[in-house]
**Student:** 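Encoded as structure tokens, here's the structure I'll be asking about.
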4 protein chains.
Amino acid sequence: MLLSIDPRSQQPIYDQVVRQIKFAIASGVLQPGSMIPSVRELAKELVLNPNTIARAYRELQADGILETVRGVGLRVQSKARRRCVNEQRELIRARLEQMIREASTSSLAREEVEAMIDRELDRFFSPSSSDSTRTK
Amino acid sequence: MLLSIDPRSQQPIYDQVVRQIKFAIASGVLQPGSMIPSVRELAKELVLNPNTIARAYRELQADGILETVRGVGLRVQSKARRRCVNEQRELIRARLEQMIREASTSSLAREEVEAMIDRELDRFFSPSSSDSTRTK
Amino acid sequence: MLLSIDPRSQQPIYDQVVRQIKFAIASGVLQPGSMIPSVRELAKELVLNPNTIARAYRELQADGILETVRGVGLRVQSKARRRCVNEQRELIRARLEQMIREASTSSLAREEVEAMIDRELDRFFSPSSSDSTRTK
Amino acid sequence: MLLSIDPRSQQPIYDQVVRQIKFAIASGVLQPGSMIPSVRELAKELVLNPNTIARAYRELQADGILETVRGVGLRVQSKARRRCVNEQRELIRARLEQMIREASTSSLAREEVEAMIDRELDRFFSPSSSDSTRTK
DNA sequence: GTGGTCTAGACCACG
DNA sequence: GTGGTCTAGACCACC
């Protein structure tokens with residue numbers, strides 16, 4: 001479980017745990033059917049309060065991502081993968097919408113926003129086949 | 001002062017006020033040198049407690065956006081425009097970066113992300129002259 | 001009346017007027033027995049609210065610095081000079097005390113404070129006859 | 001936390017708290033990395049409203065002196081010490097400059113000012129090795 | 001337990 | 001009239 005937690009972020013820690021586990025599932029790092037670390041184990045590993053981990057796991061159960069195996073622990077549900085992918089996609093879309101909305105009511109021109117977007121895309125993605133820059 | 005406040009948002013009300021005023025200055029709706037509505041006035045208009053407005057104004061002062069004219073009210077500082085534009089630009093860039101970073105570590109392909117971006121751009125911006133869609 | 005007023009200072013404007021008039025008297029620029037500008041006149045000259053000037057003059061009367069000459073205006077009292085000098089001296093001493101007290105409870109060593117003092121003294125005073133620096 | 005608050009001072013209470021905490025950090029009484037008293041605790045100790053303390057702490061956060069550890073409390077930032085020392089030094093220098101400037105435009109001679117300074121230095125500092133008085 | 005936000009209302013200084 | 005400070009008390013999220 002390689003989770004990178006930033007305790008100084010505004011985002012609640014339990015929420016960071018939730019999201020990163022969902023991401024790990026969406027990207028295939030965590031396979032449906034596999035067990036996840038116990039509350040105490042993960043808490044010790046991340047140097048966090050066990051309550052924080054417990055809350056994260058509780059949310060993941062409520063979201064239908066994890067399921068309890070009595071006497072054993074928590075397991076990634078079989079349908080978790082698709083749910084995580086969808087949720088992640090929606091999350092990204094929502095972020096995008098908010099960002100673009102603010103940009104559109106700002107003093108920035110569409111071209112400027114597009115330039116910023118392309119710059120960030122190139123930073124994080126390997127260039128796509130034929131279109132790392134737009135044709136104008 | 002047309003501020004749209006959402007009291008149910010996660011974002012604190014005072015912060016919504018701060019940001020919207022900065023946006024209004026960045027976009028030129030609020031001119032440097034002009035006075036802004038009094039604490040009591042804006043509080044009444046938005047149906048908020050004057051202290052909430054006062055806190056927003058205090059932050060704007062600390063940020064060098066507003067300045068007090070004692071016994072008179074608060075005025076938009078002369079250098080506020082550039083500061084607001086810069087800050088807004090940086091805010092948008094940071095949002096963008098976070099979004100793209102998450103997208104890149106997700107299961108989404110670059111092409112999918114680009115498609116989402118173009119869809120949102122077209123929703124909020126009037127289409128740019130020649131490039132409302134990317135050439136592939 | 002050459003008063004330099006800084007409307008952005010924390011110090012109230014009326015107080016700046018009071019103090020600067022006292023300084024002018026202490027330094028001999030304003031002579032006991034001479035008339036001072038009318039409220040309206042000075043307000044216009046300094047681009048201030050007449051109430052502000054009126055309040056300053058009121059305080060100066062209460063302090064025994066100015067006196068009314070009925071039907072004519074306000075005049076610098078005969079004993080004003082000595083009072084202003086004393087008051088100014090006390091003001092400076094109080095400032096000094098506060099400053100030194102803070103410095104003493106800080107992490108600064110006496111030698112550092114002395115060095116700062118000498119630097120400022122040299123900036124504002126022409127060097128004294130034989131002792132612009134300390135002998136060690 | 002031995003803070004001496006003077007509710008009758010012109011200086012706002014929250015500001016006295018801010019400054020005294022900065023001083024405590026600058027002088028090493030409060031160590032970077034250590035927790036500070038909770039809002040409620042300090043409020044009770046100083047017989048003040050918790051909001052007043054909260055405001056002071058908020059300013060210290062904005063100044064990069066404190067940081068929140070969510071659900072736990074507030075901690076002195078690692079770089080706080082240097083910041084506080086610098087700020088304090090600058091504060092003292094500014095006070096000094098204002099004081100000397102006023103003294104220089106007054107009727108006081110440099111020698112008189114120097115005598116006042118030495119008197120105050122000796123009141124608050126233990127005499128320095130060889131130079132408790134100036135040589136003339 | 002912790003800090004953070006918001007409301008409500010009082011009082012003050014300034015112009 | 002204006003902003004600024006302070007008190008009081010409620011509610012919330014987080015750990």
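Below, chains carry the letters A, B, ... as their sequence lines are ordered, and counting in each starts from 1.
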**Student:** Which atoms form the tightest heavy-atom contact between D:Tyr14 and D:Thr52, and what is the distance?
**Tutor:** CB-O, 3.8 Å

**Student:** Side chain of C:Gln20, backbone of C:Ile5: donor and acceptor closer than 3.5 Å?
**Tutor:** no

**Student:** What's the closest nucleotide to the side chain of B:Leu48 if the choices are E:dG4, E:dT7, F:dT7?
**Tutor:** E:dT7

**Student:** Please walk me through it: do A:Arg83 and A:Gln77 pass side chain to side chain donor-acceptor pair (under 3.5 Å)?
**Tutor:** CA-CA 10 Å; A:Arg83 282 177 187 154; A:Gln77 284 203 9; 3.2 Å; yes

**Student:** Does a nitrogen or oxygen in the side chain of D:Gln61 sit under 4.0 Å from OP1 or OP2 of E:dG4?
**Tutor:** yes

**Student:** What's the CE-P distance between D:Met35 and E:dT2, to the nearest Å?
**Tutor:** 10 Å

**Student:** When you measure from the side chain of A:Ser27 to the backbone N and O of A:Phe23, does any donor-acceptor pair fall under 3.5 Å?
**Tutor:** yes

**Student:** Side chain to side chain contact (heavy atoms under 4.5 Å, CB included), that's the test. Do B:Leu42 and B:Glu45 meet it? Break it down for me.
**Tutor:** CA-CA 5 Å; B:Leu42 188 55; B:Glu45 183 182 330; 4.2 Å; yes

**Student:** With a 4.0 Å cut-off, would you call B:Arg93 and B:Glu90 a salt bridge?
**Tutor:** yes

**Student:** CD1 of D:Ile53 versus P of E:dG4: gap in Å, rounded?
**Tutor:** 13 Å

**Student:** Pairing of DNA chain E as dot-bracket, 5' to 3': ( ) intra-strand, [ ] crossing, | other strand, . unpaired, with Watson-Crick or G-U pairs under 3.5 Å?
**Tutor:** ||||||||||||||.

**Student:** CZ of D:Arg75 versus P of E:dG3: gap in Å, rounded?
**Tutor:** 13 Å

**Student:** For B:Ser38 and F:dT2, is the shortest distance between a side-chain N/O and OP1 or OP2 below 4.0 Å?
**Tutor:** yes

**Student:** In whole Å, I'd like the distance from the CD atom of B:Glu41 to the C1' atom of F:dG3.
**Tutor:** 14 Å

**Student:** Could you tell me whether the side chain of C:Gln16 and the main chain of C:Asp6 form a donor-acceptor pair under 3.5 Å?
**Tutor:** yes

**Student:** Would you check if the side chain of C:Thr68 reaches a backbone N or O of C:Arg70 as a donor-acceptor pair within less than 3.5 Å?
**Tutor:** no

**Student:** Can you check each nucleotide of nucleotides 9-15 of chain E against protein heavy atoms at under 4.0 Å and return B for base, S for sugar-phosphate only, - for none, in 5' to 3' order?
**Tutor:** B----BS

**Student:** Can you check the D:Leu42 CG to E:dT2 P distance for me, whole Å?
**Tutor:** 12 Å

**Student:** Atom CD of A:Glu59 and atom C1' of F:dC15: how far apart are they, to the nearest Å?
**Tutor:** 14 Å

**Student:** What is the distance from CZ of C:Arg8 to C1' of F:dG3, rounded to the nearest Å?
**Tutor:** 17 Å

**Student:** Tell me the closest heavy-atom pair linking D:Ala26 and D:Val85, and the distance in Å.
**Tutor:** O-CG2, 3.9 Å

**Student:** How many whole angstroms separate atom CG of B:Leu66 from atom C1' of F:dG4?
**Tutor:** 15 Å

**Student:** Pick the closest DNA chain F nucleotide for D:Val47 and for B:Ile36 by heavy atoms, then say which residue is nearer the 5' end.
**Tutor:** B:Ile36

